[in-house]
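Input: a single structure, listed below in structure tokens.
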Protein chains: 2
Amino acid sequence: MNASRTARDRARAELTQEIKNEARRQLAVDGAQKLSLRSVARELGMVSSALYRYFASRDELLTALIIDAYDAMGEQAEKAAEGGAPRERWRKACHAVRDWARANPHEYALIYGSPIPGYAAPQDTVASAARVPLVLIRLLRETNPVPAFEGPPLTDGLAGQLRALGELVAPDGERIAPDLPLETLNRGIVVWTQLFGMLSFELFGQFVGSVDPTDEFFDHAIEQLADFLGLPPAR
Amino acid sequence: MNASRTARDRARAELTQEIKNEARRQLAVDGAQKLSLRSVARELGMVSSALYRYFASRDELLTALIIDAYDAMGEQAEKAAEGGAPRERWRKACHAVRDWARANPHEYALIYGSPIPGYAAPQDTVASAARVPLVLIRLLRETNPVPAFEGPPLTDGLAGQLRALGELVAPDGERIAPDLPLETLNRGIVVWTQLFGMLSFELFGQFVGSVDPTDEFFDHAIEQLADFLGLPPAR
DNA sequence: ACGACTCCGAGAGCACTGCTCTTGACTTGT
DNA sequence: ACAAGTCAAGAGCAGTGCTCTCGGAGTCGT
């Protein structure tokens with residue numbers, strides 16, 4: 001009974017996976033705009049209505065692809081940031097993220113571009129979306145010595161937001177960073193936005209005609225950001 | 001004859017404008033995804049095929065809206081950055097850009113989100129797209145004294161790119177910034193990406209659950225970036 | 001092993017889209 | 001006044017997301 005039930009379930013899971021794969025293939029070629037349920041079904045030799053047994057709507061399919069994309073990028077970043085000195089881990093993570101984005105521009109656009117439909121990024125995505133920022137936070141937590149920052153002091157409200165953020169629980173059940181100095185956390189968010197700002201500009205064509213190709217600019221900025229974070233210089 | 005020719009032309013120009021206005025209205029409500037030529041035509045009391053006398057395709061209509069959006073945002077930034085000390089102009093320009101983006105999120109997504117169709121951002125858009133960065137560059141050129149920057153040195157290739165960029169001619173016919181130190185220009189590009197990285201994160205929902213609302217984080221970052229640019233502190 | 005129940009793919013169909021082409025009326029310039 | 005140019009309208013094509021119904025197949029308890 002279990003075997004038979006799982007027989008059906010396995011078939012279902014497999015087909016679900018195949019649908020996503022085919023959808024991802026079409027996404028990589030034509031972009032999210034042109035992805036159509038009918039053509040996915042056609043390519044799989046089935047009829048469009050059958051797809052609705054697996055995904056309730058086109059948006060739901062896209063949401064599934066979004067989660068997969070977040071996870072793929074997050075995994076790359078996690079692997080790249082595994083060992084070594086903080087600055088080296090930072091560099092590698094940045095490059096891993098950029099490499100993934102450049103290799104999968106349409107998937108990148110799916111997750112960091114304009115929200116596709118009537119703006120429905122459900123709760124399911126946040127755990128996957130948090131993986132890259134969590135890599136950064138882990139890296140910051142393990143940075144010693146704690147740097148002394150200059151610059152404008154945190155306002156009370158911002159400090160409160162940051163404190164609450166540090167108390168949040170990550171998907172693994174632990175609090176994110178209750179021990180991280182608020183200044184550091186704030187700078188972490190800054191470099192996080194900077195990293196993805198550069199990627200979006202590069203991939204969405206905003207750099208065409210200025211720093212294009214972007215490789216050297218990117219590397220240089222990564223180093224400046226490492227300084228900004230107070231990561232100890234590489235020896 | 002001239003009067004009559006312009007009579008027709010004026011009617012044409014007016015209708016073109018009305019089409020864009022209606023399209024912008026629908027854009028503001030439902031987003032670019034849902035904007036349809038047919039519903040624009042319907043709303044204007046005409047038939048869809050008639051629209052094709054004014055815009056050769058849906059993409060061309062969107063391109064027109066993109067240019068208008070760049071111009072609207074650019075104008076806001078230019079007006080905001082008009083007088084005062086560099087740091088004050090910087091602050092005001094940033095807030096002008098953010099205010100415009102928050103007031104017109106779908107138009108913002110149109111220009112800074114994922115490239116919409118088969119990725120066709122024609123040459124016509126660049127002059128309008130350059131207005132905001134040019135505000136920043138003008139501000140940097142008029143900043144005295146020239147700050148002394150620390151940090152990693154520019155690599156040769158990057159320096160070359162920046163030099164070429166400074167020699168480019170702006171839409172008004174002048175070279176952009178042949179006199180600007182390359183270090184300053186580089187930092188200008190960094191803060192430019194940072195600014196729009198923050199805006200995209202805020203508008204596309206990436207900040208939900210962290211620095212949300214984003215006002216204080218934004219203000220604080222703007223100040224940090226002003227320091228990073230070496231803008232003299234406000235007295 | 002057989003009926004009950006659930007799941008699944010196929011097909012038809014609705015309302016909608018972008019876009020093309022033709023037709024007939026109107027406005028222009030000579 | 002007449003030919004040329006311009007325009008809105010209508011029909012039509014190929015495609016879309018999505019719904020509903022139908023018959024067949026798989027699964028389950030008895």
Side-chain angles (χ1 to χ4, degrees), chain A residues 1-20 22-23 25-27 29-66 110 115-120, chain B residues 1-20 22-23 25-27 29-66 110 115-120:
Chain A
M1 52 183 93
N2 241 359
S4 53
R5 154 163 274 166
T6 51
R8 181 124 87 177
D9 284 1
R10 270 229 312 240
R12 187 182 173 81
E14 244 173 65
L15 231 180
T16 306
Q17 202 46 54
E18 268 183 60
I19 293 171
K20 286 204 286 185
E22 175 59 29
R25 254 205 46 233
Q26 300 198 8
L27 180 70
V29 175
D30 294 320
Q33 189 82 4
K34 304 228 154 183
L35 190 155
S36 93
L37 284 184
R38 288 183 116 109
S39 74
V40 170
R42 212 177 299 128
E43 212 65 28
L44 261 50
M46 47 202 318
V47 98
S48 75
S49 58
L51 278 195
Y52 285 83
R53 304 259 175 215
Y54 298 85
F55 296 94
S57 68
R58 197 191 105 111
D59 281 0
E60 196 173 284
L61 211 199
L62 278 180
T63 302
L65 294 184
I66 286 176
L110 202 57
I116 298 268
Y119 174 81
Chain B
M1 53 183 95
N2 242 359
S4 52
R5 153 162 274 165
T6 51
R8 180 125 84 182
D9 283 1
R10 270 226 314 238
R12 185 181 177 81
E14 244 173 66
L15 230 180
T16 306
Q17 201 48 51
E18 267 183 61
I19 293 171
K20 286 205 287 187
E22 176 59 29
R25 256 206 44 235
Q26 300 199 7
L27 181 69
V29 176
D30 294 320
Q33 190 83 5
K34 305 227 154 182
L35 191 156
S36 93
L37 285 183
R38 287 182 116 109
S39 75
V40 170
R42 210 178 299 129
E43 212 65 27
L44 260 49
M46 47 202 315
V47 97
S48 75
S49 57
L51 279 195
Y52 285 83
R53 302 248 174 222
Y54 299 86
F55 296 94
S57 69
R58 198 190 104 111
D59 282 0
E60 195 172 286
L61 210 198
L62 278 180
T63 302
L65 293 184
I66 285 177
L110 202 58
I116 297 271
Y119 174 79

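All values reported here derive from a predicted model rather than from experimental measurement. So that the names make sense, note that chain A is the first sequence line, chain B the second, and so on, each numbered from 1.
Taking atom CZ on B:Arg12 and atom C1' on D:dG5, their separation rounds to 12 Å, with Å as the unit. Taking atom CG of residue A:Leu15 and atom P of nucleotide C:dC7, one finds them 16 Å apart after rounding to whole Å. Atom CD in B:Gln33 sits roughly 12 Å away from atom C1' in C:dT17 (whole-Å rounding). A straight line from CD of B:Gln26 to C1' of C:dT17 spans 13 Å, rounded to a whole angstrom. Atom CD in A:Glu14 sits about 16 Å away from atom C1' in C:dC8, given to the nearest Å. A straight line from CZ of A:Arg10 to P of D:dT27 spans 12 Å, rounded to a whole angstrom. The CG-P distance, from A:Leu35 to D:dT16, rounds to 10 Å in whole Å. One atom, NZ of B:Lys34, and another, C1' of D:dC18, lie 12 Å apart when rounded to the nearest Å.
Near-neighbour residues of DNA chain C inside residues 37-47 of chain B, defined by a heavy atom below 4.0 Å, number-ordered: B:Leu37, B:Arg38, B:Arg42.
The two residues A:Ser57 and A:Tyr52 make their nearest non-hydrogen contact at CA-CE2, 4.2 Å. Closest non-hydrogen pair, B:Leu65 versus B:Leu35, comes out as CD1-CD1, 4.1 Å. Nearest heavy-atom pair, B:Leu51 versus B:Met46, reported as atom, atom and distance to 0.1 Å: CD2-SD, 4.2 Å. In terms of heavy-atom proximity, B:Ser36 sits nearest to B:Arg58 at N-NH1, 4.5 Å. Here the closest non-hydrogen pair linking B:Leu61 and B:Phe55 is CA-CD2, 3.8 Å.
Heavy atoms of A:Tyr54 sit under 4.0 angstrom from primed sugar atoms or phosphate atoms, though from no base atom. If you check every strand for non-hydrogen atoms under 4.0 Å, B:Leu51 touches nothing. Contact annotation for B:Ser48: base contact, defined as any heavy-atom pair under 4.0 Å involving a base atom.
Phosphate contact (OP1/OP2 of C:dG9, side-chain N/O of A:Arg53, threshold under 4.0 Å): absent.
Here NZ of A:Lys20 is found 14.0 Å from OH of A:Tyr54. Values are rounded to the nearest 0.5 Å.
Here C:dC19 is the nucleotide among D:dA8, C:dA10, C:dC19 with the atom lying nearest to any side-chain atom of B:Ser57.
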Side chain to side chain contact (heavy atoms under 4.5 Å, CB included) assessment of B:Glu22 paired with B:Glu18: CA-CA 6 Å; B:Glu22 176 59 29; B:Glu18 267 183 61; over 6 Å; no
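Residue side chain A:Ser49 does not reach the base of C:dG9 through any donor-acceptor N/O pair under 3.5 Å, judged by distance alone.
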